[in-house]
Amino acid sequence: MAVRAADFDGLARHGLFGALGFREYLRRTESQLRALRAAGLEVHLRVLDPPDFEDYCEAFGFDPAGAAGRVAYAADPELAGEPFVYAGERLTDLLPVLLDDHRARVRITVAGGALVAAVGDGPLGQPRLVAVMTYVAAVWLTLTDGAGEGRHLFTLRCHGPEDGEELTAAADVRVAGGRPFGEGRDVEAFCVTLAAGAAAGGEGALLLHGDPAAPGGQVIRGWALGRGRLRPMTAQEVFDALDDDVGRGLPHPPGAVPLPGFALPDPPPVRSPRSGRGPSAGPSDPAPPGAEGPDREGGGPLV
């Protein structure tokens, strides 16, 4: 589906929609979706993104105006995540959710590729992947536990050590009764992005924006990512990170109260694939697992 008027206009130049306008296109599409669902079919939706669709057609030799290109693009397995299932919602309510889901899936796809490249595909690739995902899971549980009750926003940006590609992610989380509740696919995208940044050994920043409705102002805590692990920022570093975000065009949180980040778990050791029993580094080795030196497989430092 074309979910925004600008996307519709960009695709219409290929003749995809005939003489239809965007509103009529949405009305007809909603009618078709409901008819398919009423017939007992499970309907999966995917965003028809103009630049990506055009690149796909060029790469595989499809005519953007033809039905074959749209069918192949819709079935393309490269986009990460489970299908987005249509459940009979009105499109006016559904389209923003579908677009957010699509953006998260793109982030998962990009970050997942960076993660696989960082851990490598040699004998140590699998234990490195297990180590970094174990670390990220422990960090996420500690972050949500330490966030406290209410609504919170986690933001992350990180750079790879070699090509400098920036990865970003954000996740809204509600903590109620001590249990975190994520919304949509953003939490998955956030964790995969953090795993990619940690595995690549790049630099970055993670900010926890507390509940803006909390008395006394919105508490914001931060952690710096470097060499495969997160360390708590000082209050001044959190303030500087917020200023950096403002320089990027993001709004400064009103009434923000910068505070130091709290302690997070250390990365686990990487298990040796040869023995299957012990870590590849001895207990006195302070280096993060996977950071054996410049000759190891997969590039920069890992957790």
Side-chain angles (χ1 to χ4, degrees), residues 1-18 20-57 59-60 62 64-113 151-156 167-174 180-194 196 250:
M1 287 190 60
V3 299
R4 297 174 295 192
D7 292 346
F8 180 87
D9 292 341
L11 293 163
R13 65 187 179 86
H14 295 296
L16 265 65
F17 311 115
L20 290 179
F22 185 52
R23 290 180 180 273
E24 179 64 14
Y25 162 77
L26 292 181
R27 190 188 67 78
R28 291 194 184 186
T29 299
E30 183 170 344
S31 177
Q32 291 171 348
L33 291 175
R34 290 186 171 179
L36 290 169
R37 189 166 182 270
L41 299 176
E42 181 175 276
V43 183
H44 298 168
L45 299 181
R46 181 171 178 180
V47 171
L48 191 58
D49 180 75
D52 189 50
F53 175 64
E54 290 164 355
D55 289 346
Y56 179 86
C57 288
F60 291 95
F62 289 110
R70 294 198 300 278
V71 172
Y73 181 78
D76 179 24
E78 289 300 315
L79 195 63
E82 295 298 316
F84 188 101
V85 179
Y86 174 66
E89 304 95 332
R90 290 182 57 85
L91 286 189
T92 51
D93 300 325
L94 181 64
L95 291 185
V97 179
L98 176 60
L99 184 58
D100 286 345
D101 179 86
H102 173 76
R103 288 169 174 161
R105 288 169 60 150
V106 169
R107 287 191 176 98
I108 294 170
T109 302
V110 174
R151 303 194 70 90
H152 310 281
L153 171 67
F154 294 89
T155 62
L156 172 68
L167 300 175
T168 63
D172 284 301
V173 175
R174 177 174 59 90
F181 298 88
E183 298 181 358
R185 215 181 299 262
D186 286 339
V187 170
E188 182 182 354
F190 184 90
C191 290
V192 175
T193 303
L194 177 56
L250 299 176

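Numbering starts at 1 and runs along the sequence shown. The figures that follow rest on heavy atoms only: side chains count, while hydrogens, waters and symmetry mates do not.
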Next on the checklist: Any heavy-atom pair between the side chains of Val106 and Asp49 that's under 4.5 Å?
Outcome noted: no

Checklist outcome for this item: In terms of heavy-atom contacts, Phe190 and Thr155 come closest through CE1-C, 3.9 Å

Checklist entry - Is any side-chain heavy atom of Val97 less than 4.5 Å from a side-chain heavy atom of Phe84? => result yes

Checklist entry - If you look at every heavy atom in Ile108 and Ala189, which pair is closest and at what distance? => result CG1-CA, 3.4 Å

Item to check | Close side-chain approach of Leu99 to Arg103, heavy-atom, < 4.5 Å | outcome: yes

Checklist entry - If we only count heavy atoms from C-beta on, is the Leu91 to Leu94 side-chain gap below 4.5 Å? => result yes

Item to check | Min side-chain heavy-atom separation Glu24-Phe17 under 4.5 Å | outcome: no

Checklist outcome for this item: Between Tyr56 and Ala72, the two heavy atoms sitting closest are OH-O, 3.3 Å

Checklist outcome for this item: Scanning both residues in full, the closest heavy-atom pair of Gly112 with Val192 reads N-CG1, 3.7 Å

Item to check | side chain to side chain donor-acceptor pair (under 3.5 Å) partners for Arg13, two or more places apart | outcome: Glu54

Checklist outcome for this item: On a heavy-atom basis, the closest approach of Ala65 and Leu16 is CA-CD1, 3.8 Å

Item to check | Arg107 side-chain N/O to Thr168 backbone N/O, donor-acceptor pair under 3.5 Å | outcome: yes

Checklist entry - Is Tyr25 reaching over with its side chain to a backbone N or O of Phe8, donor-acceptor style, under 3.5 angstrom? => result no

Next on the checklist: Walk me through whether Arg34 and Arg90 qualify under side-chain contact (heavy atoms from CB on, under 4.5 Å).
Outcome noted: CA-CA 10 Å; Arg34 290 186 171 179; Arg90 290 182 57 85; 3.5 Å; yes

Item to check | Leu26 vs Met1 side-chain heavy atoms within contact, under 4.5 Å | outcome: yes

Checklist entry - Distance-only, no hydrogens or angles: does the Arg105 side chain make a donor-acceptor pair with backbone N or O of Arg185 under 3.5 Å? => result no

Item to check | Arg151 side chain reached by Val173 side chain, heavy atoms, under 4.5 Å | outcome: no

